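This one's a predicted model, so the numbers in the text were calculated from it and none came from an experiment.
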Amino acid sequence: METMMAKPNALRAKPADANLPTWRDELGMIAAPARLCAGVLGAAVLLVGAATWYGAQKAAALAQAAQVRGAAASRFQNVESEKQDIAIYQPRFMELQAGGLIGDENRLAWIETIKSIQGTRKLVSASYDIEPQQALVLGAPMALGDYQLRGSRMRVELGLVHELDLFHFIDDLRGAGRFTVQDCKLKRTDAPAESIGVARLAADCTLIWLTLGATPQPDAPALAKGSP
């Protein structure tokens, strides 16, 4: 009987998982690899962020360099265009400047030319009156850039022997500058036809001397009437 009671005790064994590691033990086993993996992932994230930041900086630098190159190329094209414009228009500009259209007006040249014409063409008399210079208002818009068109009105009274003397006077006067004839009146005098050295015709003309100035100038004082 005792033998039979002892047999079940002999058959009783320890649980199968008594010596197996628990989940906490397993967690401790993977802690080190997990930390290593986390460190690697963190480093990878930092590397990706650094690479992204470097790429953005590089792209910004390239964009700025391209903008600088574009601006430099644009300036170069502008310089080349200006050089071509200068080569094309400078001779004409110098011609207009030498002809008295560009720059300050030269009233002394006008007066000296009138005196010279009177002596050369043997005009009986020649008198003038010049008004102050004023800016001209054009009827149609004209591209003048930084220049302003100005005019000085001159009234000329001539004592002539023949009608052609008036045309000769106007043609000769163009050597002193650029002007336009606003009006011109020609009438006969009371001098007898057979008289010598007496004006048979009287001309009363109004001219406008033209100049292009870079900056506005105050009105020039009018010259007193005179006779060469």
Side-chain angles (χ1 to χ4, degrees), residues 78 81-189 199-228:
N78 291 337
S81 178
E82 289 176 358
K83 288 172 60 178
Q84 293 178 1
D85 290 342
I86 291 174
I88 294 173
Y89 297 110
Q90 186 177 23
R92 180 57 176 166
F93 179 87
M94 299 299 293
E95 179 183 351
L96 294 176
Q97 189 176 42
L101 178 61
I102 298 176
D104 297 333
E105 62 181 9
N106 190 353
R107 298 190 171 201
L108 181 60
W110 307 342
I111 297 171
E112 292 295 333
T113 303
I114 292 175
K115 293 179 180 179
S116 176
I117 296 172
Q118 183 181 7
T120 302
R121 296 293 181 181
K122 296 181 173 56
L123 303 181
V124 178
S125 63
S127 60
Y128 56 86
D129 179 20
I130 308 177
E131 297 181 5
Q133 187 186 58
Q134 296 181 355
L136 295 181
V137 179
L138 302 177
M142 183 179 297
L144 298 177
D146 295 332
Y147 288 87
Q148 182 186 48
L149 183 63
R150 306 187 188 97
S152 296
R153 183 178 285 105
M154 171 189 283
R155 181 180 178 185
V156 181
E157 295 180 355
L158 304 173
L160 310 174
V161 177
H162 195 275
E163 292 87 346
L164 289 178
D165 292 338
L166 175 60
F167 297 100
H168 293 157
F169 174 84
I170 293 176
D171 289 340
D172 294 345
L173 191 59
R174 296 192 185 279
R178 302 300 177 93
F179 65 89
T180 179
V181 180
Q182 187 175 26
D183 60 67
C184 206
K185 299 176 182 178
L186 186 65
K187 65 179 181 179
R188 294 189 178 276
T189 64
R200 300 176 184 174
L201 300 170
D204 185 358
C205 299
T206 301
L207 316 176
I208 299 179
W209 292 90
L210 304 174
T211 54
L212 282 172
T215 54
Q217 297 177 349
D219 292 339
L223 293 184
K225 295 182 180 180
S227 298

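Between the CG atom of Leu207 and the CD1 atom of Ile170 there is a distance of 6.5 Å, given to the nearest 0.5 Å. In this structure, NZ in Lys115 is found 13.0 Å from CD1 in Ile117, a value given to the nearest 0.5 Å. To the nearest 0.5 Å, the span separating CG on Leu210 from OG1 on Thr180 amounts to 6.5 Å. Note that CD of Glu95 and CD1 of Ile102 are 10.0 Å apart. Values are rounded to the nearest 0.5 Å. From Arg153, atom CZ reaches atom CD1 of Ile130 across 12.5 Å, with rounding to the nearest 0.5 Å. Rounding to the nearest 0.5 Å gives a distance of 9.5 Å between NE2 of His162 and NE2 of His168.
Nearest heavy atoms, Ala203 versus Leu186: CB-CD1, 3.8 Å. Closest approach of Leu166 to Cys184, counting heavy atoms only: CD2-SG, 3.8 Å. The two residues Glu131 and Ser152 make their nearest non-hydrogen contact at O-CB, 4.1 Å. Taking each heavy atom of Ile208 and Gly151 in turn, the nearest pair found is CG2-CA, 4.0 Å. Across all non-hydrogen atoms, the minimal contact from Leu201 to Thr189 is C-CG2, 3.9 Å.
Between the side chain of Thr211 and the backbone N or O of Leu101 there is no donor-acceptor pair closer than 3.5 Å. A donor-acceptor pair under 3.5 Å is formed between the side chain of Ser125 and the backbone N or O of Gly159.
Annotation: salt bridge (Lys or Arg N to Asp or Glu O under 4.0 Å) contacts involving residues 156-180, sequence neighbours excluded, comprise Arg121-Asp172, Arg155-Glu157, Glu163-Arg188.
For the side chain to side chain contact (heavy atoms under 4.5 Å, CB included) test, residues two or more places apart in sequence or in another chain that qualify with Thr120 are Ser116. Residues passing the side chain to side chain contact (heavy atoms under 4.5 Å, CB included) test with Lys83 are Val79, Glu80, sequence neighbours excluded.
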Inset, instruction - Give the C-alpha distance, both sets of side-chain angles, the deciding distance and a yes or no for side chain to side chain contact (heavy atoms under 4.5 Å, CB included) between Trp110 and Glu105. - result: CA-CA 9 Å; Trp110 307 342; Glu105 62 181 9; 3.4 Å; yes
Inset, instruction - Tell me, with the steps shown, if Lys187 and Lys185 meet side chain to side chain contact (heavy atoms under 4.5 Å, CB included). - result: CA-CA 7 Å; Lys187 65 179 181 179; Lys185 299 176 182 178; over 6 Å; no
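In this structure, Leu160 and Phe169 have side chains that are not in contact, with every pair of non-hydrogen atoms separated by 4.5 Å or more.
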